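Keep in mind that this is a model prediction, so the values were computed, not measured.
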Amino acid sequence: MIDLLRKRRSAPPALLRGPGPTPPERDLLLTLASRVPDHGKLVPFRFIVFEGEAREKAGAIIAEVFAAAHPEAGGADLEKERARLALAPLVIGVVSRAAPHHKIPEWEQILCVGAVCFNLEVAAHALGFASTWLTEWYGYDRTVLKRFGLAEHEKIAGFIHIGRDPGPREDRVRPQLSEIVTDFRA
């Protein structure tokens with residue numbers, strides 16, 4: 001497990017190839033992603049699965065909303081938007097349902113949802129897949145989100161793109177512990 005965490009890298013969606021996870025693998029990924037600290041057992045998250053033709057239908061929505069906001073956009077721009085969720089064989093939208101609660105701070109619920117996203121990334125890598133966690137502009141656009149089935153109070157925590165990476169990923173520069181760690185001294 002330590003080696004898995006040490007070697008985990010994000011892979012751009014354009015590089016992710018099929019085959020994607022099988023239905024049992026997909027269910028396992030979602031089960032593992034759900035195993036996070038969840039104070040109060042509120043389950044402040046849910047999933048939207050984009051597979052097969054659903055990826056293209058979602059891309060059509062994204063392109064349509066983009067075109068309405070950018071009437072000057074050309075064919076290449078619209079094609080880029082249309083392909084947003086169609087590059088990887090599987091994309092899982094992680095939806096945050098965090099909300100004010102009498103006992104559990106909303107911040108803790110948001111952290112729970114972030115842990116879901118990262119658990120999904122780690123689980124994908126543990127099963128031999130590559131992934132990346134993105135939001136992009138359409139993850140904040142209420143018109144797109146409504147058409148994806150999100151309620152007004154829900155937000156996208158991320159779109160996790162999952163597939164197979166054809167090559168090893170070069171690591172990015174990571175922070176030195178000396179730059180990010182302080183020892184508390186009373």
Side-chain angles (χ1 to χ4, degrees), residues 1-62 83-99 101 104 106-136 138-141 144-166 169:
M1 181 65 164
I2 297 297
D3 202 43
L4 173 81
L5 292 171
R6 185 178 288 126
K7 292 182 180 180
R8 191 204 69 75
R9 309 279 184 274
S10 294
L15 298 181
L16 298 175
R17 301 286 179 258
T22 64
E25 288 172 326
R26 183 190 83 181
D27 290 348
L28 177 59
L29 288 171
L30 295 172
T31 298
L32 296 173
S34 301
R35 295 186 57 88
V36 294
D38 178 9
H39 303 134
K41 301 178 184 98
L42 298 179
V43 190
F45 58 88
R46 67 183 181 89
F47 302 106
I48 302 174
V49 176
F50 299 90
E51 282 183 296
E53 291 180 16
R55 297 172 306 140
E56 284 80 23
K57 289 178 182 175
I61 291 169
I62 293 169
R84 292 281 190 171
L85 299 182
L87 300 172
L90 172 64
V91 179
I92 298 174
V94 180
V95 178
S96 172
R97 303 187 304 185
H101 187 271
I104 310 302
E106 191 171 354
W107 174 241
E108 289 185 15
Q109 297 172 53
I110 293 167
L111 292 171
C112 171
V113 179
V116 168
C117 292
F118 192 65
N119 259 16
L120 185 52
E121 286 246 301
V122 172
H125 286 265
L127 287 179
F129 296 98
S131 66
T132 195
W133 172 2
L134 298 173
T135 46
E136 303 285 353
Y138 50 90
Y140 299 96
D141 186 281
V144 172
L145 298 182
K146 183 176 181 181
R147 293 188 60 193
F148 282 2
L150 276 75
E152 190 61 37
H153 71 280
E154 294 181 316
K155 297 177 181 170
I156 284 290
F159 293 98
I160 313 300
H161 301 250
I162 301 171
R164 299 191 186 274
D165 191 352
R169 209 60 27 240

**Item:** Minimum heavy-atom distance Leu29-Leu127, with the two atoms named
**Value:** CD2-CD1, 3.7 Å
**Fill in**
Closest non-hydrogen atoms of Cys112 and Val36, given as atom of the first, atom of the second and distance, are SG-CG2, 3.5 Å
**Request:** List the atom of Leu145, the atom of Gly139, and the distance in Å for their closest heavy-atom pair.
**Result:** CD1-O, 3.5 Å
**Item:** Parallel, tilted or perpendicular: rings of Tyr138 and Phe159 (30°, 60°)
**Value:** tilted
**Prompt:** To the nearest 0.5 Å, what is the distance between CD (Glu25) and CG (Leu30)?
**Reply:** 12.0 Å
**Request:** Look up atom OG in Ser10 and atom CD in Glu121, then write down how far apart they are to the nearest 0.5 Å.
**Result:** 5.0 Å
**Prompt:** Would a 4.5 Å heavy-atom cut-off, applied to side chains only, mark Pro12 and Thr132 as touching?
**Reply:** no
**Message:** Is there a side chain to side chain contact (heavy atoms under 4.5 Å, CB included) between Arg26 and Val49? Walk through the geometry before answering.
**Reply:** CA-CA 9 Å; Arg26 183 190 83 181; Val49 176; 3.6 Å; yes
**Complete:** Closest heavy-atom pair, Phe148 versus Ile48, reported as atoms and distance to 0.1 Å, is O-CD1, 3.6 Å
**Request:** Spell out, as yes or no, whether a donor-acceptor pair under 3.5 Å connects the side chain of Trp133 to the backbone of Ala157.
**Result:** yes
**Asked** Are Arg46 and Glu154 within salt-bridge range, i.e. N to O under 4.0 Å?
**Response** yes
**Complete:** Rounded to the nearest 0.5 angstrom, the CD1-OG1 distance for Ile156 and Thr135 is 9.5 Å
**Request:** Determine yes or no for a side-chain-to-main-chain donor-acceptor pair under 3.5 angstrom, with Arg35 supplying the side chain and Leu32 the backbone.
**Result:** no
**Gln109 side chain vs Ala99 backbone, donor-acceptor pair below 3.5 Å** = yes
**Message:** Looking at every non-hydrogen atom in both residues, tell me the closest pair between Asp38 and Pro44 and how far apart they are.
**Reply:** OD1-CD, 3.5 Å
**Request:** Show the numbers, then the answer: is there a side chain to side chain contact (heavy atoms under 4.5 Å, CB included) between Phe47 and Ser34?
**Result:** CA-CA 10 Å; Phe47 302 106; Ser34 301; 3.5 Å; yes
**Message:** Would you compute the distance between atom CD1 of Ile160 and atom CG of Asn119 and round it to the nearest 0.5 angstrom?
**Reply:** 10.5 Å
**Option among Arg84, Glu56, Lys57, Arg55 that satisfies the side chain to side chain contact (heavy atoms under 4.5 Å, CB included) test with Phe50** = Arg55
**Request:** Can you measure from CD1 (Ile61) to CG (Asp141) and round to the nearest 0.5 angstrom?
**Result:** 11.5 Å
**Request:** For Lys146 and Glu152, run salt bridge (Lys or Arg N to Asp or Glu O under 4.0 Å): C-alpha distance rounded to whole Å, both residues' side-chain angles, the deciding distance at 0.1 Å, then the answer.
**Result:** CA-CA 8 Å; Lys146 183 176 181 181; Glu152 190 61 37; over 6 Å; no
**Prompt:** Measuring from Ile162:CD1 to His125:NE2, what's the distance to the nearest 0.5 Å?
**Reply:** 8.5 Å
**Prompt:** Quick one: do the Ser131 and His161 side chains pair a donor with an acceptor below 3.5 Å?
**Reply:** no
**Asked** Taking Arg164 for the side chain and Pro19 for the main chain, is one N or O donor matched with an acceptor at less than 3.5 Å?
**Response** yes
**Prompt:** Do the side chain of Arg97 and the main chain of Val43 share a donor and acceptor less than 3.5 angstrom apart?
**Reply:** yes
**Request:** Taking all heavy atoms of Ala130 and all of Asp165, pick out the closest pair and write down the distance.
**Result:** CB-CB, 3.5 Å
